[in-house]
Structures are given as structure tokens and as C-alpha cells.
Asker: 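Quick one: the structure is below, and I'll ask about it shortly.
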Amino acid sequence: MPLSAIAVGRLVPVKGFDRLIQAWQKIPIPLDIVGDGPERGHLQSLIQKNGVSDRVRLIGESKVVFDVMRNKDLLVAPSHREGFSYVILEALQFELCVISTKTGIAPDLIPEEFLLEQPTTKLLTERIKCVIENFAETQRKFQPAWEQAKQFTVERMVKQTAAIYRDSVNHCH
């Protein structure tokens with residue numbers, strides 16, 4: 001089965017989806033961009049202008065990103081700035097490989113070689129092509145990141161918080 005990619009976020013300039021669409025001119029696999037926002041019209045025209053409408057789709061907002069992510073292989077997150085980025089964490093929990101800018105939580109979770117300092121169109125294209133051409137090796141490199149990401153679950157955080165409270169109460173008696 002051929003590889004496929006996803007990008008998720010509000011369609012605003014800071015997310016860098018314009019560069020991602022331009023990079024996709026030389027990328028042969030499908031890309032779904034999940035999200036909505038004021039840049040939708042501009043990004044749709046970029047898809048047409050760059051001749052990638054056969055493989056790049058703006059699929060709008062999704063309340064269930066998990067369903068869209070479940071059948072993907074690669075998440076690309078080309079944001080100029082980012083906070084914690086649950087999208088990256090969720091992608092890793094679904095065992096997707098991730099290419100991201102060096103923002104937010106990405107440097108703490110993603111192997112260094114898949115982080116981009118300045119995500120130019122050229123650099124994005126090169127890194128994505130490299131991942132596609134060496135996908136089995138990329139997956140091997142992501143194994144530790146996938147295991148680490150699975151530690152960040154709501155259930156685990158609740159258990160840890162409850163344990164802290166129990167310890168605190170026990171120390172008081």
C-alpha cells in the first residue's frame with residue numbers, strides 16, 4: 001500500500017501550510033490537510049497553482065482527527081511557532097513518523113534528524129523525500145519516540161496525580 005501523509009492545524013499563515021503545498025510539487029504521495037481557517041481560499045489556490053490537486057486535499061475541520069490520522073504514515077508539521085502540539089503527540093501515539101519544525105514539544109519527542117530549524121520549501125521537500133525513500137529505516141528510528149509518546153495518556157496522568165495526593169495524605173497522618 002502506498003504511503004500517505006497528513007498535516008493538521010488551523011489554516012493560518014503561522015502553520016506554514018503554504019510552504020508544504022509548494023514542497024508537494026516533488027512529492028508523489030497523497031497529503032490531506034485537516035483544519036479550517038482564514039487561509040483556506042489562499043491554500044486552495046496554491047494547490048491549483050502548484051499543480052498538486054491530484055494528491056493534496058484540504059479536507060476541512062474534523063472533530064475526529066484520530067480517524068483521519070489512523071490510516072496515515074507521516075505527519076508533517078511545518079509551523080513557524082507552536083506550543084505543546086497535541087497533534088504531534090497524537091501522531092506519535094498512532095505510530096506515524098513526524099517531520100516538524102523545531103518548535104514546541106517537537107524537540108523533546110522527535111528524533112533530531114526529523115526536526116527542521118528553518119523549514120524552507122526546498123528543505124521540506126528533501127526531508128520528506130528522504131523519509132519516503134527510506135521509510136522502513138525511518139520507522140525503526142521512531143520506535144523510541146512512539147514508546148515515549150504512549151506514556152502521555154490521560155489515564156496515566158490521572159493515576160500519577162492520584163498517587164501524589166495519596167502520598168501527600170499518607171505523609172500527613
Asker: Got His80 and Arg19 here, is their nearest side-chain heavy-atom distance under 4.5 Å?
Answerer: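 With C-beta onward as the side chain, the pair touches.
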Asker: Show every side chain to side chain donor-acceptor pair (under 3.5 Å) that has at least one partner inside residues 38-53, sequence neighbours left out.
Answerer: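 Only Gln25-Asn50 qualify under side chain to side chain donor-acceptor pair (under 3.5 Å).
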Asker: Hey, can you pull the donor-acceptor pairs under 3.5 Å for the side chains in residues 138-148, sequence neighbours left out?
Answerer:
{"unit_1": "Thr138", "atom_1": "OG1", "unit_2": "Asn134", "atom_2": "O", "d": "3.0"}
{"unit_1": "Arg140", "atom_1": "NE", "unit_2": "Glu137", "atom_2": "OE1", "d": "3.3"}
{"unit_1": "Arg140", "atom_1": "NE", "unit_2": "Glu137", "atom_2": "OE2", "d": "3.4"}
{"unit_1": "Arg140", "atom_1": "NH2", "unit_2": "Glu137", "atom_2": "OE2", "d": "2.5"}
{"unit_1": "Lys141", "atom_1": "NZ", "unit_2": "Glu113", "atom_2": "OE1", "d": "3.0"}
{"unit_1": "Lys141", "atom_1": "NZ", "unit_2": "Glu113", "atom_2": "OE2", "d": "3.3"}
{"unit_1": "Trp146", "atom_1": "NE1", "unit_2": "Leu96", "atom_2": "O", "d": "2.9"}

Asker: Which side-chain N or O atoms in residues 27-35 pair as donor and acceptor under 3.5 Å with protein atoms at least two apart or in another chain?
Answerer:
{"unit_1": "Asp32", "atom_1": "OD1", "unit_2": "Arg57", "atom_2": "NE", "d": "2.7"}
{"unit_1": "Asp32", "atom_1": "OD1", "unit_2": "Arg57", "atom_2": "NH2", "d": "3.1"}
{"unit_1": "Asp32", "atom_1": "OD2", "unit_2": "Arg57", "atom_2": "NH2", "d": "2.8"}
{"unit_1": "Asp32", "atom_1": "OD2", "unit_2": "Lys72", "atom_2": "NZ", "d": "2.9"}

Asker: Rounded to the nearest 0.5 Å, what separates atom CD in Gln93 from atom OH in Tyr86?
Answerer: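 So the CD of Gln93 and the OH of Tyr86 are separated by 10.5 Å.
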Asker: SG of Cys97 to CZ of Phe114: how many Å apart, nearest 0.5 Å?
Answerer: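 Result: 7.0 Å between the selected atoms.
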Asker: Can you pull out every salt bridge (Lys or Arg N to Asp or Glu O under 4.0 Å) where at least one residue sits in residues 118-130? Sequence neighbours excluded, please.
Answerer: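 Matches after skipping sequence neighbours: Lys122-Glu126.
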Asker: Compare all side-chain heavy atoms of Leu3 with those of Leu74 and state whether any distance is below 4.5 angstrom.
Answerer: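 No - every pair of side-chain heavy atoms lies 4.5 Å or more apart.
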Asker: Which pair of non-hydrogen atoms, one from Ala23 and one from Thr121, has the smallest distance, and what is that distance?
Answerer: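 Closest approach of Ala23 to Thr121: N-CG2, 3.4 Å.
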Asker: Which heavy atom in Pro78 sits nearest to a heavy atom in Gly16, and how many Å separate them?
Answerer: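 That closest heavy-atom pairing would be CG-O, 3.5 Å.
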Asker: Which pair of heavy atoms, one from Asp73 and one from Pro2, lies closest together, and at what distance?
Answerer: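 For Asp73 versus Pro2, the nearest heavy atoms are OD2-O, 4.1 Å.
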Asker: What's the spacing between Ile99 CD1 and Leu123 CG if we round to 0.5 Å?
Answerer: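 Here the interatomic distance stands at 9.5 Å.
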Asker: Working note: Ile128 + Val76, criterion side-chain contact (heavy atoms from CB on, under 4.5 Å); need CA distance, chi angles, decisive distance, verdict.
Answerer: CA-CA 8 Å; Ile128 295 164; Val76 185; 4.2 Å; yes
Asker: Does the distance from a Lys or Arg side-chain N to an Asp or Glu carboxylate O, for Arg70 and Glu95, drop under 4.0 Å?
Answerer: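 Salt bridge absent between Arg70 and Glu95.
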Asker: Would you say Val12 and Leu58 are hydrophobically clustered, going by side-chain heavy atoms of ILVMFWY under 4.5 Å?
Answerer: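 No: no chain of side-chain contacts under 4.5 Å links Val12 to Leu58.
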Asker: State yes or no: do Val14 and Leu115 share one hydrophobic cluster built from I, L, V, M, F, W and Y residues joined by side-chain heavy-atom distances below 4.5 Å, directly or via other members?
Answerer: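 Different hydrophobic clusters.
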Asker: Please enumerate all residues that pass side-chain hydrogen bond (donor to acceptor under 3.5 Å, both in side chains) together with Thr101, with sequence neighbours excluded.
Answerer: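 Applying side-chain hydrogen bond (donor to acceptor under 3.5 Å, both in side chains) to Thr101 gives Thr103.
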Asker: Go through the steps for Glu112 and Lys102 under the test salt bridge (charged side-chain N to carboxylate O under 4.0 Å, His left out), then give the verdict.
Answerer: CA-CA 9 Å; Glu112 179 71 29; Lys102 232 178 202 179; 2.8 Å; yes
Asker: Among pairs that include at least one residue of residues 5-14, which meet salt bridge (Lys or Arg N to Asp or Glu O under 4.0 Å), considering only residues two or more places apart or in two chains?
Answerer: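 For residues 5-14, and leaving out neighbouring residues, there are no salt bridge (Lys or Arg N to Asp or Glu O under 4.0 Å) pairs at all.
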Asker: Can you measure from CG (Leu89) to CG (Leu109) and round to the nearest 0.5 angstrom?
Answerer: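 One finds 6.5 Å between CG of Leu89 and CG of Leu109.
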Asker: Considering the options Leu75, Leu92, Ile6, Val98, which one meets the side-chain contact (heavy atoms from CB on, under 4.5 Å) requirement together with Val87?
Answerer: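 Result: among Leu75, Leu92, Ile6, Val98, Leu75 is the only option passing the side-chain contact (heavy atoms from CB on, under 4.5 Å) with Val87.
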